[in-house]
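Owing to the predicted nature of the structure, the values given are computational and were not obtained by experimental measurement. Start at 1 with the first residue, then count along the sequence.
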Amino acid sequence: IMVFLMISTTAAAYRSDKSHFQNLPDGSQQRSAPLADFSYFSTSIQVAIFSTAYQFSVPVIAEASKNKSKLLEVYGSACAYLFITILVSSLVVSGYLGPEYIEQSCNLNWNDYTGGKGGLNQDGTITGTAWWAKLISYYVVFFPVIDGVSIFSLCAFSLGEILKCFWYGEKVHDLEGDLKQDIVFRLLGCVPQLIGAMFVSDLSVIANYAGIFTVLSYTVCPCLVAIYSSKLLRSFDLPTKTRYHTIFSGEMWGWLIATLGLASIVYMIVLSVVQQ
């Protein structure tokens, strides 16, 4: 809903001669953004990877799914939807707002959304804005906060399961259905996020630097695990193909993706240091 509102309201503003955002001048032709700005390319990579990093939640969600045969299609569709909506919303919103007026978190621009109605009082407050414009403004501005609650719990659940598996090892299966153990480890899974939030609260900073670790944990490490698993299966004369095997499951692809991931990490670190 948020992405739809951002795209639709921006598209409507494109067609209007009057600015739909109180802090912008009328007309959008003077605020066109460049198609590409490679000076912040490393930041864009990190944010893009971080925004689509949901693989850690796959085991937890899959375990709760009754029909696991359709999980590949479900996650494939979700990934495609994410890429398409992020791409379209980025092009539309940045093209209208332009580099001078767009906020680091672009949803904050909707704090001054008027829908082409209303104006400013002498004290600088917005007046005369339609109720539906206010509703859209509140929803778009506060949605990341609301969404963060669900992400927080999902991260806590996933990290809690990982910690439990690490602590109990092979005996973890004996604890299935143990609510007390689940609560303890899920509470422990909340700790890293809470401590991190005490020192860094700027979402753009978090996304920028978390992207580096996301590349490591979501591209390099899984590829190395897959390569090692294939070699281990062959050492026991077991088939390396599973029901989840695809054309990209070979060791060649694993080495290629791992190498590209390491190269991306080095590139992003160097560029981030230079920009600082």
- Message: Against L87, only a single residue in T85, L91, I84 fulfils side chain to side chain contact (heavy atoms under 4.5 Å, CB included); can you say which?
- Response: L91
- Checking Y14 side chain against Y96 main chain: does a donor-acceptor pair fall under 3.5 Å? yes
Acceptor/donor pairs from residues 234-241 side chains to any protein atom, 3.5 angstrom cut, sequence neighbours excluded:
residue	atom	partner	partner atom	Å
R234	NH1	E251	OE2	2.9
R234	NH2	E251	OE2	2.4
S235	OG	L232	O	2.5

- dist W131:CH2 -> I136:CD1 (nearest 0.5 Å) comes out at 9.0 Å
- Query: Considering only heavy atoms from C-beta outward, does the side chain of T9 approach that of H20 to under 4.5 Å?
  - Reply: no
- Query: Any link between I265 and L256 through a network of hydrophobic side chains (Ile, Leu, Val, Met, Phe, Trp, Tyr) touching at under 4.5 Å?
  - Reply: no
- Is it true that a side-chain atom of Y101 and a backbone atom of N109 form a donor plus acceptor pair closer than 3.5 Å? no
- With side chains defined as the heavy atoms from C-beta onward, is the minimum distance between V93 and W110 less than 4.5 Å? yes
- Item | Interatomic distance, L97 atom CG to E103 atom CD [nearest 0.5 angstrom] | 9.0 Å
- Yes or no on side chain to side chain contact (heavy atoms under 4.5 Å, CB included) for F143 and N107, after CA distance, side-chain angles and deciding distance? CA-CA 9 Å; F143 179 81; N107 71 298; over 6 Å; no
- Side-chain heavy atoms under 4.5 angstrom apart, residues restricted to Ile, Leu, Val, Met, Phe, Trp, Tyr: same cluster for M2 and V88? yes
- When clusters are formed by joining ILVMFWY residues with side-chain heavy atoms under 4.5 Å apart, either directly or through shared neighbours, do W167 and L159 land in the same one? yes
- Could you check if a side-chain atom of I146 sits within less than 4.5 angstrom of a side-chain atom of Y139, using non-hydrogen atoms only? no
- Drop me the distance from F21's CZ to S137's OG, to the nearest 0.5 angstrom. 9.0 Å
- Item | I86 CD1 to Y81 OH distance, which is reported to the nearest 0.5 Å | 9.5 Å
- hydrophobic_cluster_shared for L260 and V225, side chain cutoff 4.5 Å: no
Show every donor-acceptor pair shorter than 3.5 Å between a side-chain atom in residues 180-192 and any protein atom, with sequence neighbours excluded, or say none if there are none.
residue	atom	partner	partner atom	Å
Q181	OE1	Y168	OH	3.0
Q181	NE2	Y168	OH	3.4
D182	OD1	K164	NZ	2.6

- Message: If I take atom NE2 from residue H173 and atom SG from residue C165, how far apart are they, to the nearest 0.5 angstrom?
- Response: 7.0 Å
- Query: Where do V3 and S89 come nearest, in terms of heavy atoms and distance?
  - Reply: CG1-CB, 4.2 Å
- Message: Set out, in order, the CA-CA distance, both residues' side-chain angles and the distance that settles side chain to side chain contact (heavy atoms under 4.5 Å, CB included) for I257 and F248, then state yes or no.
- Response: CA-CA 10 Å; I257 296 173; F248 301 107; 5.7 Å; no
- Task: Can you measure from OG (S90) to CD1 (I7) and round to the nearest 0.5 angstrom?
- Result: 9.0 Å
- Honestly curious: do W132 and M6 fall in one hydrophobic cluster under the side-chain, below-4.5 Å linking rule? yes
